[in-house]
J.: 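The structure is given below, and queries will be raised subsequently.
Keep in mind that the numbers below use all heavy atoms, side chains included, and drop hydrogens, waters and symmetry copies.
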Amino acid sequence: MTDIASETDTSAHDSTDQRLLSAAERLFAERGVDAVSLRAIMAAAGTNVASVHYHFGSKERLIEALLDKYLNQLEKRRFALLDIAERAGTLRAIAEAIVVPLSEIGEEGGTAWLSTLGKLLISGHPALIPMSVSFQPQAARLQELIVRLRPKASLPSIRFGVTQAVTLTCVVLGDIAHTNRLMSLSGTYLDDGQMNAQLIDMVTAILAGPPAEN
């Protein structure tokens, strides 16, 4: 086993840090956050029993570090697409601003991250609280643009729609193979491009809300 003292070297620290995050990301995606112990993460990462505490301090901090992995990229890309959506003035453009940044993370190898985030969103896990703070500016901009297009919609309805849209997108993109296994029951298969297009259509419908009553 690695001596903790030797991990004060910067390169060793970074290597161990990333191994722990990669192992946690994979295991959380497979089993869910609460079903994975620190010991399982350390075993999968090939580190000693004290490494998580040394590098992160606790499992909660490890989860927070993992969720932070793509947050800057996600925020920058989403705001750029929301600028485009503001000029377009359509719910579909707003839906693209929700789906596309997440699909790009999946294309870069972040499917396990998306799967983990989707599981946390479904369960309403408290690990989301730190992340929710960073998401607030995005949520506010999404709400602002949707209100312009649906001025009669209530804010709770809009917020519910955005929450469900993000959750659906993470769950589907976090395990496209699983979605295709379900689709295969009806003889259908979607490639990545088709899956993204279907997601954008579905998110557009969610953001539109129920049909207006006559």
J.: Do the side chains of R61 and H55 get nearer than 4.5 Å, heavy atoms only?
T.: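 No; the side chains remain at least 4.5 Å from each other.
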J.: Does R78 come within less than 4.0 Å of E75, counting only side-chain N to carboxylate O?
T.: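 No, R78 and E75 are not salt-bridged.
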J.: Answer yes or no: is there an ion pair linking D83 with R141, defined by an N-O contact shorter than 4.0 Å?
T.: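 Looking at D83 and R141, the cut-off is met.
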J.: So, Q194 side chain and D191 main chain: donor-acceptor pair closer than 3.5 Å or not?
T.: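 Side chain of Q194 to backbone of D191: a pair is present.
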J.: Any side-chain heavy-atom pair from R150 and S157 closer than 4.5 angstrom?
T.: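 Yes - at least one pair of side-chain heavy atoms lies under 4.5 Å apart.
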J.: Could you tell me which non-hydrogen atom of G109 sits nearest to which non-hydrogen atom of Y70, and how far apart they are?
T.: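 Minimum heavy-atom separation between G109 and Y70: C-OH, 4.3 Å.
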J.: Does a side chain donor of either E108 or Q73 reach within less than 3.5 Å of an acceptor in the other side chain?
T.: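 Their side chains do contain a donor-acceptor pair, which is all the 3.5 Å distance test asks for.
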J.: Does the side chain of L67 come within less than 4.5 Å of P130's, by heavy atoms?
T.: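 No - every pair of side-chain heavy atoms lies 4.5 Å or more apart.
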J.: Side-chain donor-acceptor pair under 3.5 Å between K119 and S123, yes or no?
T.: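 Their side chains do not contain a donor-acceptor pair, so the 3.5 Å distance test is not met.
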J.: Heavy-atom distance under 4.5 Å between the side chains of R77 and V100, does that happen here?
T.: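 The answer is yes, as the side chains (C-beta and beyond) meet within the 4.5 Å cut-off.
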J.: Establish whether V162 and M131 are linked, either directly or via other cluster members, by ILVMFWY side-chain heavy-atom contacts under 4.5 Å.
T.: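 Yes; tracing contacts between hydrophobic side chains, which count when under 4.5 Å, links both residues.
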J.: Do L128 and F135 come within less than 4.5 Å of each other through their side chains, counting heavy atoms only?
T.: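 No, too far: nothing below the 4.5 Å cut-off.
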J.: With a 4.5 Å heavy-atom cut-off, do V203 and T169 have their side chains touching?
T.: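 Result yes, sub-4.5 Å side-chain heavy-atom pair found.
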